[in-house]
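The model shown is predicted, which means the values in this text are computed figures rather than measured ones. Computed from heavy atoms alone, side chains included, the values below leave out hydrogens, waters and symmetry copies. In this chain, numbering begins with 1 at the start of the sequence shown. For ligands, and for the atoms within them, numbers begin at 1 and follow the listed sequence.
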Amino acid sequence: MKFFVDTADIADIKEMADTGLLDGVTTNPSLIAKSGRDFMEVTKEICDLVDGPVSAEVVALDHETMMKEAETLRKIADNVCIKVPLTIDGLKTCKKLTADGTQVNVTLCFSANQALLAAKAGATFVSPFVGRHDDNGFDGMELIADIRRIYDNYDFGTEILVASIRNPVHVLQSARIGADVATMPPAVIKGLFKHVLTDKGIEGFVADWEKTGQTIPTS
Ligand code: G3P
């Protein structure tokens, strides 16, 4: 399972990239606004920090302007992945861009039928929003399982990129279902490392080791 970080904060991206476990980055207009940075500039910086795909979202709602925006965005770096909304215009844009070999992430997916359309449009990734789904009284994980089943039925190559992840349990459930990618806020990635028994175990080993008065030579 690939791990993407869902942020446009450079310090957070650096910290995650340093773990060696980061496979990509997703951004959206809200995250760019939160960063307070220039869109083109911050996207370029992110692309230089990670080798994997970096999703940068178009903001136009019509196909022609989406294509023009995508043209600008894909010139930023080879690892830019164009993010388009799950609309007719978005999917038209997806079809054209992927036919040209450009990576496309179809975002704002809230139903299995929408995911089916994204796959038919040749999307590299589809982004179902599980947190927002749960918030509105639906079962986000049921959606992921449905999409997995449908994609497997037809051998679609589109990767299921679980988005709007709110906690480590969302990651665990996505992995059990066999989702391809989880994009997470930095706090959720950090949460995956944590276990109270790990902390307690380290505390015990450190205390016992100190009693031995020994050190492990480091040079
Ligand atoms: O990048 C899209 C998605 O992950 C947004 O998450 O928390 O705003 O629903 P959220």
Side-chain angles (χ1 to χ4, degrees), residues 1-13 15-17 21-37 39 42-43 45-47 49-50 52-61 66 69-70 73 76 79-87 90-91 93-94 103-112 114-115 117-118 123-144 147-148 158-175 177 179-192:
M1 186 188 214
K2 294 174 199 163
F3 281 6
F4 289 6
V5 66
D6 195 30
T7 184
D9 184 297
I10 293 290
D12 281 339
I13 295 168
E15 191 185 355
M16 296 301 129
L21 301 175
L22 190 66
D23 301 300
V25 178
T26 50
T27 67
N28 62 39
S30 306
L31 293 170
I32 297 293
K34 196 173 161 199
S35 77
R37 297 279 314 274
F39 180 31
V42 77
T43 305
E45 257 182 69
I46 299 171
C47 289
L49 278 175
V50 297
V54 174
S55 290
E57 190 161 343
V58 298
V59 289
L61 300 178
M66 279 183 195
E69 289 180 352
L73 295 177
I76 295 175
N79 55 336
V80 164
C81 173
I82 308 297
K83 210 171 180 186
V84 299
L86 210 152
T87 59
L91 292 187
T93 306
C94 173
Q103 295 195 78
V104 176
N105 176 357
V106 176
T107 190
L108 290 166
C109 171
F110 290 94
S111 81
Q114 286 182 319
L117 291 168
T124 316
F125 302 103
V126 67
S127 291
F129 278 29
V130 292
R132 294 191 196 184
H133 216 63
D134 292 354
D135 292 345
N136 284 279
F138 299 98
D139 183 344
M141 283 305 143
E142 199 173 274
L143 172 62
I144 302 303
I147 300 172
R148 179 74 286 156
T158 299
E159 295 190 34
I160 304 171
L161 191 167
V162 184
S164 188
I165 283 181
R166 301 276 162 78
N167 55 59
V169 177
H170 276 151
V171 183
L172 175 65
Q173 292 172 324
S174 302
I177 292 166
D180 303 283
V181 190
T183 189
M184 299 164 263
V188 173
I189 300 187
K190 286 182 189 166
L192 299 178

Residues in side-chain hydrogen bond (donor to acceptor under 3.5 Å, both in side chains) contact with Lys190, at least two apart in sequence or another chain: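 Checked Lys190 against side-chain hydrogen bond (donor to acceptor under 3.5 Å, both in side chains); matches are Glu15.
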
Neighbouring protein residues of ligand 1 - any heavy atom closer than 4.0 Å: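 Protein residues near ligand 1 are Asp6, Asn28, Lys83, Phe129, Arg132, Ala163, Ser164, Arg166.
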
Residues in salt bridge (charged side-chain N to carboxylate O under 4.0 Å, His left out) contact with Asp180, at least two apart in sequence or another chain: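 Result, salt bridge (charged side-chain N to carboxylate O under 4.0 Å, His left out) vs Asp180: Arg148.
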
Aromatic plane relationship, Phe4 with Phe125 - under 30° parallel, 30 to 60° tilted, over 60° perpendicular: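 Perpendicular, since the angle between the ring planes exceeds 60°.
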
Would you tabulate the side-chain donor-acceptor contacts of residues 165-172 under 3.5 Å, counting partners in other chains and residues two or more places apart, or write 'none'?
unit_1: Arg166; atom_1: NH1; unit_2: Asp135; atom_2: OD1; d: 3.2
unit_1: Arg166; atom_1: NH1; unit_2: Asp135; atom_2: OD2; d: 2.7
unit_1: Arg166; atom_1: NH2; unit_2: Asp135; atom_2: OD2; d: 3.4
unit_1: Arg166; atom_1: NH2; unit_2: Ser164; atom_2: OG; d: 3.2
unit_1: Asn167; atom_1: OD1; unit_2: Val169; atom_2: N; d: 3.1
unit_1: Asn167; atom_1: OD1; unit_2: His170; atom_2: N; d: 2.9
unit_1: His170; atom_1: ND1; unit_2: Arg166; atom_2: N; d: 3.1
unit_1: His170; atom_1: NE2; unit_2: Asp134; atom_2: OD2; d: 2.9

Val126, Val181, Ile144, Ile147 screened by side-chain contact (heavy atoms from CB on, under 4.5 Å) with Val162, the one that passes: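 Of Val126, Val181, Ile144, Ile147, side-chain contact (heavy atoms from CB on, under 4.5 Å) with Val162 is met by Ile144 alone.
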
Polar side-chain atom of Asn105 near backbone of Ser55 as donor-acceptor pair, under 3.5 Å: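 The answer is no, because no donor-acceptor pair under 3.5 Å joins these two groups.
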
